Structures are given as structure tokens and as C-alpha cells.
Amino acid sequence: MAQDDLFKKLIAHAKEYGYIFPSSEIYDGLSAVYDYGQYGSELKNNIKQYWWDSMVKMNENIVGIDAAIFMHPETWKASGHLAAFNDPLIDNKDSKKRYRADELIEDYISKYQQKIDKEVTKGRKKFGDDFDEKQFLETNPNVRRNQKKIDEINGRLLKALENDDLNEIKQIILDYEIADPVSGSKNWTDVRQFNLMFETRLGSLAEGANKIYLRPETAQGIFVNYLNVQKTGRMKLPFGIAQIGKAFRNEIVARQFIFRMREFEQMEMQYFVKPGTEKEWFEHWKNLRIKWHEAMGLPKEKYRLHEHDKLAHYANAAYDIEFEFPFGFKELEGIHSRTDFDLSKHQEFSGKKIQYYDPESGESFVPYVVETSIGLDRTFLSILTAAYCEEEVPKENGDVDTRVVLKIPPALAPIKLSVLPLVKKDGLPEKAREIMEKLKIDFMCQYDEKDSIGKRYRRQDAIGTPYCITIDHQTLEDNTVTIRDRDSMEQERIQINELARIVDEKVSMKKLLRMVF
RNA sequence: GCGGGAGUAGCUCAGUUGGUAGAGCAUUAGCCUUCCAAGCUAAGGGUCGCGGAUUCGAGUUCCGUCUCCCGCUCCA
């Protein structure tokens, strides 16, 4: 089956079986916003728990917090988001391409710079060892002409950016007849501002109310709480702060189902270390995070590591863990060595000293940070895509039947166990209810007596329930039930009083944690 | 924003030159059922995305509009 078709089927299946619904669907939906349904929210919670436990429970030097989505606006000046998330964009009407208007102008400027470089090369050849670059740049008429042009355009651009003057940016493009690098067309739309951060106002709508933002990443909530946690938790380096929470980005194009949403959830852990040891910890977390993914049991070949060659301004090393989605390998988790960029910036902007006193060396310093940041919704999607199977099952009459089954890792499955009386009479439903009552304290269980047993098995397959237990006539005689495995469809007969123990062994989250640690 | 595709029941879709909105599955109730979906009976569920135009009459024609999906530009 083509990957594209598979993806469409998966989306339809996710909706039909209560995993993911389009947001506000009765009002025609909202672009790139989705709601998690009755099973989706269970799966999501299980993923969160697996992550949280593997951070906070399994590492005594990692603690968790839950910071607010609203933060002081200065936060985003310090982090650089306010500047970096504001892009003036322009469309070419002929080529239909969209560009960042400032980059378009900068590209144009770089052509003049290239001319200057060429002159310098020529000059160097001509004068040999006597070549004085500084003097050459000041006196050569060609260089001076080009440099003047650069200064002129650059000056206008910087001023326009500073004043948020979009009309001026457009005017620069028109004045210098800057053309679309692809088509050569000069047929441009107006310049529009895209702010990737959602804005709102704190307090009333009254004038003078402060503009605040929905956080575009959760990490800053950790950085601004660094001192609080370090002091109140008596934390010593190295230590980590973990957080799960929503973040918001007003993406120009948000698509591919829940892969890129405007509202999404991140699971982040910032690990604070002594400067100089960050590379070592970076390796440590990279390896541990890979093990975390592998323990879930999704196919290993679906994962791949990608090293950033172009590093963000704050990082000195960065890896992505990528997953092969139906639309290709895409980022699932980022492991970044963020140096002391964030804490230093907050120190600078807040005026509060963010230092760690190291009793061993007697020195104070700003700690370095190694970050692991994983998309919860993306992890959800990776599990769902890997789980979705259409199997051919031979029927008794020789026909072939298609079985749709979600092979979700049992520890993460929304419903662990369904309890099914073979028939709806002879006291079997009563016995099944009795068993159900005992088990529901241990597991998410579901009871079903409607329709034939085969049909009920298929319904459970479709939502990914790993085990079905069936109460039949023999149950009444010897207190045994059959337990059916979702993936192999094989059955085993076991004692009722063994049920909780046997199922727990199979579906417990402890199993995953033991594989990682 | 531009280009392409699509909006009819929970799902998959049919609906003729314009003439009373349909099927299968699903759902609910009842009957029947000794282990891998689709036995029997009945019921519920749709202002055909929305608005306008043409017409005696529009799911169907025309215009507008909204939404979703795919592609492109952006992405810490």
C-alpha cells in the first residue's frame, strides 16, 4: 500500500475509533488543531507517564515542575524569540513562492559583496606581497561604489526592520528591482508580518493592558525557575528539571495531521552541568534517550540520528532523533547542548544573579545546559503509525478476511484488557462482571457482551487492546478463562486468580523502565 | 497567500437530461448464538458545508463564500 493511502487510512481510523478528532468539528473544524478522544487521551497519558517516570522517578537528581503557559514578556526578549520569531514575508505572484523579505534583500546585498570580493582577489593578484587590503578597500573606485550601495541598502533595511515598517521593506524591493531568484519575476505582493508567537492581553481589554504571549516552548519555564528549584531542592550539579506542557506556535503552514500543530505538547528535560562537562553529558543523554525509544519496541530501522550541521545560536552540539513517518523521516526529539546561553541571558535581562557556587572548587559560574526536548504529539503519532496494521486472516470457508489491528506497545495501550462472556446467557455475563470488578482496580478494562465473540475480538484489535479474556462454560466449572493475545491471536487457558499477576507482567510500565535503566 | 483535490447519515459512498434524499457497514433494542467481524426483527439518525441566483421545482446548473486534505514558501 502506498504510504500516502496508509496515512489517510490511519487518520480515518484514528477518528473512527476515538483516538483523534478534528477540533470543533461541528463548526467545520479548525485548521491543524485536533482533539484527543477517549482512547487517544489514554495513550497520550501513558506516554507522558512513561517519560515522566523515566526522568523523575528513575533519576534521583531530576525533579519535575509545571510552569504556567503565560510568562513575563521579558522572558521572550531574553530568549531571543521576540526577535527571531518575527518574520516579514513576501510572495511572488508569478512563481507563487514565498520568501522572507529581509533575506531576499540580504541576498541581493550579498551580490555586491561578491563584486567587492572579486575586486580584492584581482587586487591581490596585481600587487602581490605589497597588497594592502585596508587601503585597497578605501581607495579602489569599484569597491567604493559597491560598498556605498551596500551601506545604502543595508541602512534602509535595518531602519525599516527596527521600525517594523513593512511598506518600506516592500519599497526597497521595488526600488532596487529585486527579482524572484527562481522565476526572475518582480511581481510582488505586499510584505506581511508573521509572528510565530500568539499574542494576548493580560487582565482586561482596557488600554495599556500588557501584551503577553503564549509560550512557544516550555524550556523557558524551566530556566526562569532554575534558582527556585536549585535552592529549595538543594540540588547539586549535575541535576535536571523536567516538564511536560503545552506550547504554541502560529506556524504559517501547520499540517500533516498531528505532526505540526499550532498547539502542541512538549516533554522537556534541561540538565544543568559544570561548564566543560557538557559534551560528556550530551553523549550520555543522547544514548539514554535512544534506549528510551527502543524500549517501546517499535521497529529499530524507523529511527535515525541526525546531527545538525547548522547550529542554532545557543547550541554547541545538536542531534535530532528522527522517526520515519509515512511522509518521511522527521524530527521526533532534539538533544541540544545549549551552553550557558539561556541562563546568562536571563541573568542579563532580569538583573538577578544566576550562579552556581561549587563548594569543591570554590568557584561560582553559570551552569551549562544539555536539553532533551521531545514532541508528545509526535511520539503519539510515531506509535500510532508503527502500530497500524492491516492483516490478512484466512477464514474457515477459504476466503481471506482483513483484520485491522493497532499493535500499540502493551504498556502504553489505552485499554489493557477486555472482559468478554462467550455468550449472553447461562450466567456467563454475571461471572464476567464479577471478574471485571476485581480487575478494574489494576487495569483499564472494558466489558463487552454485544455481538459474536469474533466481532468483539476485532473491535478490541481496532483500538489496540493487547489482551482479551473470555468467560465460557468451562469457567463456571473450574474457574479458568482464556486469554487471547492481540498480535498472535493465540489463546491460553489460565486460572482466574492468576489473571492479575499474568496480565500485569505483560502490560506493566515497569517492563519498559527496566529495559532503559 | 497561491495552485490542485474534496465537502450528501458515525464511516465508505450512490444519487440519471433538474422532479418526494438512498445503500452497505456502524449505532440502539429484542431474538438466536459452544471462540475470531458482517444470522433474524425493528428503531433512531441527513435543513445534501453555508449564502444567493435561475426555475413551477436545485443534492444536481450558475455565482459567491467557508472548511478540510495535498503541494510550495517558513520552522529553535
Side-chain angles (χ1 to χ4, degrees), chain A residues 4 7-9 11-13 15-18 21-34 79-81 84-101 103-104 180 182 189-190 192 194 196 216-217 219-220 247 249-257 260 262 266 268 308 310-315 318 320 327 330-331 334 336 338 341-342 371 373 391 393-396 399 401-405 420-426 428 449-462 468-474 481-482 484 486 489-491 493:
Chain A
D4 213 31
F7 194 43
K8 277 183 186 156
K9 281 191 176 184
I11 295 168
H13 188 88
K15 187 193 160 191
E16 195 171 350
Y17 288 91
F21 307 125
S23 161
S24 347
E25 204 191 3
I26 61 169
Y27 292 106
D28 282 333
L30 189 60
S31 185
V33 184
Y34 292 91
S79 69
H81 284 85
F85 268 21
N86 260 310
D87 297 335
L89 297 179
I90 192 166
D91 291 306
N92 187 280
K93 289 179 186 167
D94 295 324
S95 70
K96 314 294 179 204
K97 298 278 183 194
R98 171 172 289 174
Y99 298 93
R100 271 182 59 177
E103 283 184 356
L104 208 57
D180 179 349
V182 175
T189 64
D190 285 342
R192 291 180 312 275
F194 280 81
L196 251 38
E217 65 172 25
Q220 299 305 324
R249 283 182 204 173
N250 198 3
E251 300 278 358
I252 302 159
V253 172
R255 242 174 236 165
Q256 280 158 329
F257 197 35
R260 180 167 297 133
R262 297 205 166 94
Q266 294 182 306
E268 294 198 317
H308 286 224
K310 201 179 144 197
L311 292 170
H313 56 75
Y314 55 74
D320 286 345
F327 39 87
K330 300 279 179 183
E331 180 182 353
H336 301 146
R338 287 179 84 125
F341 177 84
D342 299 278
E371 164 188 85
S373 172
E391 285 184 353
V393 182
K395 291 172 85 165
E396 273 180 31
D399 288 353
D401 192 17
T402 305
R403 176 174 88 116
V404 177
V405 47
L420 315 169
L422 185 60
V423 292
K424 208 168 29 174
K425 58 175 188 185
D426 303 335
L428 298 186
E449 62 177 27
K450 174 83 179 152
D451 296 312
S452 76
I453 190 70
K455 199 164 179 173
R456 282 178 274 162
Y457 286 149
R458 294 302 164 81
R459 269 206 288 264
Q460 295 302 325
D461 289 342
C468 294
I469 65 164
T470 304
I471 287 77
D472 57 14
H473 294 96
Q474 194 182 327
V481 295
T482 60
R484 169 196 184 261
R486 174 193 68 198
M489 293 168 69
E490 275 166 15
Q491 288 178 296
R493 189 165 277 278

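Since this is a predicted model, take the numbers as computed values, not measurements.
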Quiz item: Hey, which of these two, Glu331(A) or Arg456(A), hits RNA chain B nearer its 5' end, going by closest nucleotide?
Solution: Arg456(A)
Practice problem: Considering only atom P, compute the distance from U8(B) to U34(B) and round it to an integer number of Å. | Solution: 42 Å
Self-check item: G39(B) versus C50(B) - spacing of their C1' atoms, nearest Å
Solution: 43 Å
What nitrogen or oxygen pairs link the protein and nucleotides 26-34 of chain B at under 3.5 Å?
{"residue": "A26(B)", "atom": "OP1", "partner": "Lys455(A)", "partner atom": "NZ", "Å": "2.7"}
{"residue": "U27(B)", "atom": "OP1", "partner": "Arg459(A)", "partner atom": "NH1", "Å": "3.2"}
{"residue": "U33(B)", "atom": "OP2", "partner": "Lys425(A)", "partner atom": "NZ", "Å": "3.1"}
{"residue": "U33(B)", "atom": "O4", "partner": "Lys424(A)", "partner atom": "N", "Å": "3.2"}

Self-check item: base_contact_polar (C35(B) base, Arg484(A) side chain, donor-acceptor, <3.5 Å)
Solution: no
Exercise. State the CD1-CD1 distance between Ile453(A) and Ile471(A), to the nearest 0.5 angstrom.
Key: 8.5 Å
Quiz item: When the P atoms of G1(B) and A9(B) are considered, how many whole Å apart are they?
Solution: 28 Å
Quiz item: Using atom C1' of each nucleotide, how far apart are G44(B) and A29(B) to the nearest Å?
Solution: 10 Å
Practice problem: For C48(B) and U41(B), measure between their C1' atoms and round to the nearest Å. | Solution: 30 Å
Quiz item: How many Å lie between CZ on Arg249(A) and C1' on A76(B), as a whole number?
Solution: 6 Å
Quiz item: Say you draw a straight line from CG of Asp320(A) to NE2 of His336(A); how long is it, rounded to the nearest 0.5 Å?
Solution: 5.0 Å
List every contact pair, protein side and nucleotides 66-68 of chain B side both N or O, where the distance is under 3.5 Å.
{"residue": "U67(B)", "atom": "O2'", "partner": "Asp28(A)", "partner atom": "O", "Å": "2.2"}
{"residue": "C68(B)", "atom": "OP1", "partner": "Ser31(A)", "partner atom": "N", "Å": "2.1"}

Quiz item: OG1 of Thr482(A) to CD of Gln474(A): how many Å apart, nearest 0.5 Å?
Solution: 9.5 Å
Quiz prompt | Inter-nucleotide C1' distance (A26(B), C66(B)), Å rounded | solution = 29 Å
Quiz item: Which whole number of Å gives the distance between the C1' atom of U55(B) and that of G45(B)?
Solution: 32 Å
Quiz item: Between Glu268(A) and Arg338(A), does at least one N-O distance fall below 4.0 Å, as a salt bridge requires?
Solution: no
Practice problem: Only stems of 3 or more consecutive Watson-Crick or G-U pairs count here, both distances under 3.5 Å; name the ones for RNA chain B, or none. | Solution: B:1-7 with B:66-72, B:10-13 with B:22-25, B:27-31 with B:39-43, B:49-53 with B:61-65
Exercise. Identify which one of Arg458(A), Arg459(A), Lys424(A) satisfies the side chain to side chain donor-acceptor pair (under 3.5 Å) criterion when paired with Asp451(A).
Key: Arg459(A)
